[in-house]
Amino acid sequence: MKPRRLGYGYGHGRGRRAAALLLLLFCLCFSSLFLLLLHGSSAPLEPAADEKAAGGVAEAQAEVEEAPLPPGNTKVAFLFIARNRLPLELVWDAFFRGDKEGRFSIFVHSRPGFVLTRATTRSRFFYNRQVNDSIQVDWGEASMITAERVLLSHALKDPLNERFVFVSDSCVPLYNFSYTYDYIMSSSTSFVDSFADTKAGRYNPRMDPIIPVENWRKGSQWAVLIKKHAEVVVDDDVVLPEFQKHCRRRPLPEFWRDWDRPIPAEAWKAHNCIPDEHYVQTLLAQSGLEEELTRRSVTHSAWDLSASKDRERRGWHPVTYKVSDATPRLVKSIKDIDNIYYETENRREWCTSNGKPAPCFLFARKFTRGAGLKLLDSSLIAK
């Protein structure tokens, strides 16, 4: 039998198979291209649960990051001393919104472990602004001045901070940001309420000779410091130890809580020294820097309570303004103050800003949350 010849039929079958293969490859490529185009034009697929959780954390972190500020501006550092939350955060939020040039920074000293997030503050300006080395502060103890030094040490790390304003958690701004900034920056001095304390009982003779009585000063802790004086406070290792050893609050009952209880006679023998009312003033006097001070505070507190019939308003603390107190008349009465008289020095301090007569106070305390919100809603402050 003769072998079969490979002729046209075989070669034709092979060509058809090759053509079919090419057609199949073309179809596969076209299908892939079509799927890619369809995926790109459709909504993204729902992420897995782990991816959702990771995305939620990233989103939360982004929300608590401090808003970027324009670089290069001389700034005022606001140093808040708070218990926990900031009850007047919305008042300050309106105040800081008035600045569009990044001329401020914020530092908050609260109890150890407290963090300012969306859960603890309603103002983005305060997100993550708590210092990470805060201490437990007790009123009338040296821990208060330690907290002030902690705040200053953090604020001094920013070379653009030139003024340092101590603010309480019950304090409200009386004017808008621009006016406040210009008022503070126009002065080359610190604003420190400081006067000679001639009443017996505060100065402890054991401080002598390190702190002689002629350098002993008293005043409000709510000061505004220039950078030079802020550095003096942070670097101090002489005056502070004396305060920690010899300046302590007398253990008296609060007047409104123990109204009818007689005060023990031996209690009057103890020195009733409130460290935060003496430390900065005495330190700067001790350092020979009083000529560089405007010796008044720019924060108003109401201490003259002798005629008050409200027992809650009599004691060792200034009056607390409630909702019923938050009126245009109150704000106007504070803004209208243009001089301060210091009885122990027979000195009257006429208030000026940039060489011109000006209101004495930029801030006021102590306001409850409700009182502050009422003032804000009435457009009486901050805006």
Side-chain angles (χ1 to χ4, degrees), residues 76-77 79 142 144-145 148-149 151-153 155-156 161-167 183-205 207-244 246-247 273-301 303 337-363:
V76 175
L79 313 179
M144 179 66 79
I145 57 180
E148 294 176 353
R149 285 160 53 95
L151 284 167
L152 286 174
S153 66
L156 282 168
N161 287 331
E162 291 288 343
R163 299 293 186 274
F164 305 82
V165 183
F166 286 108
V167 186
Y183 190 114
I184 292 174
M185 294 304 301
S186 68
S187 174
S188 60
T189 66
S190 293
F191 291 94
V192 180
D193 186 39
S194 177
F195 54 91
D197 181 25
T198 58
K199 295 182 180 180
R202 290 290 185 107
Y203 177 76
N204 191 334
M207 294 181 174
D208 189 66
I210 296 178
I211 305 176
V213 67
E214 58 266 25
N215 289 337
W216 185 247
R217 299 290 184 271
K218 186 178 185 294
S220 167
Q221 77 177 102
W222 310 112
V224 178
L225 301 180
I226 61 174
K227 180 177 288 189
K228 174 183 176 180
H229 297 162
E231 292 171 341
V232 169
V233 174
V234 170
D235 294 339
D236 169 44
D237 58 4
V238 175
V239 174
L240 178 63
E242 294 300 302
F243 269 74
Q244 292 171 329
H246 302 305
C247 181
C273 183
I274 313 298
D276 55 82
E277 294 181 358
H278 297 275
Y279 174 67
V280 171
Q281 295 83 348
T282 300
L283 172 62
L284 295 178
Q286 181 94 345
S287 304
L289 298 172
E290 281 195 307
E291 295 301 318
E292 300 177 8
L293 305 180
T294 297
R295 293 172 62 194
R296 62 178 175 88
S297 175
V298 293
T299 299
H300 179 269
S301 299
W303 287 97
I337 298 173
D338 61 1
N339 71 91
I340 304 171
Y341 180 69
Y342 293 91
E343 183 178 356
T344 61
E345 297 179 344
N346 192 26
R347 170 173 62 92
R348 186 174 298 277
E349 190 78 30
W350 289 94
C351 302
T352 62
S353 173
N354 202 19
K356 299 177 181 179
C360 291
F361 299 111
L362 298 175
F363 315 101

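The model shown is predicted, which means the values in this text are computed figures rather than measured ones. For the single chain, residues carry numbers from 1 onward in sequence order.
- Interatomic distance, L289 CG to I226 CD1, rounded to the nearest 0.5 Å: 8.0 Å.
- Between the side chain of T282 and the backbone N or O of Y279 there is no donor-acceptor pair closer than 3.5 Å.
- In this structure T294 satisfies the side-chain contact (heavy atoms from CB on, under 4.5 Å) test together with S187, T189, F191, R296, E349, sequence neighbours excluded.
- Minimum heavy-atom separation, D276 to I145: CA-CG2, 3.8 Å.
- Atom CG of L240 and atom CG of L283 lie 9.0 Å apart (nearest 0.5 Å).
- Take K356 and apply the salt bridge (Lys or Arg N to Asp or Glu O under 4.0 Å) test, not counting sequence neighbours, and it matches no residue.
- Side-chain N or O atoms of D236 include one that pairs as donor or acceptor with a backbone N or O of V239 at under 3.5 Å.
- When M144, Q221, R202 are each tested for a side-chain contact (heavy atoms from CB on, under 4.5 Å) with E277, only one passes: R202.
- Remark: the backbone N or O of A155 is paired with a side-chain donor or acceptor of N161 at under 3.5 angstrom.
- The side-chain contact (heavy atoms from CB on, under 4.5 Å) check on Q281 picks up V192, S194, R217, with sequence neighbours excluded.
- Here SG of C351 is found 6.5 Å from CG of N339. Values are rounded to the nearest 0.5 Å.
- For the pair I211 and W216, the tightest heavy-atom approach, listed with the atom from each and the gap, is CG2-CE3, 4.5 Å.
- Applying the salt bridge (charged side-chain N to carboxylate O under 4.0 Å, His left out) test to pairs two or more places apart or on separate chains, none has a residue in residues 184-195.
- Within the 4.5 Å cutoff, side-chain heavy atoms of M207 are placed close to those of C247.
- When atom types are taken as modelled, the side chain of Y183 and the backbone of N354 share no donor-acceptor pair closer than 3.5 angstrom.
- Environment of CD in E214: crowded, with over 12 heavy atoms of neighbouring residues, nucleotides or ligands closer than 6.0 Å.
- Judged by distance alone, the side chain of Y342 and the main-chain N or O of R295 form a donor-acceptor pair under 3.5 Å.
- The side-chain contact (heavy atoms from CB on, under 4.5 Å) search around D208 returns Y203, P212, not counting sequence neighbours.
- The minimum heavy-atom distance between C360 and D338, with the atom names listed, is SG-C, 3.2 Å.
- When atom types are taken as modelled, the side chain of T344 and the backbone of A196 share a donor-acceptor pair closer than 3.5 angstrom.
- Nearest heavy-atom pair across V280 and E148 is CG2-OE1, 4.0 Å.
- Two residues are said to be in side-chain contact when any heavy atoms from C-beta on lie closer than 4.5 Å; N346 and Y341 meet this criterion.
- For L156, the side-chain contact (heavy atoms from CB on, under 4.5 Å) partners at least two apart in sequence or on another chain are F164, K227, A230, E231, V234.
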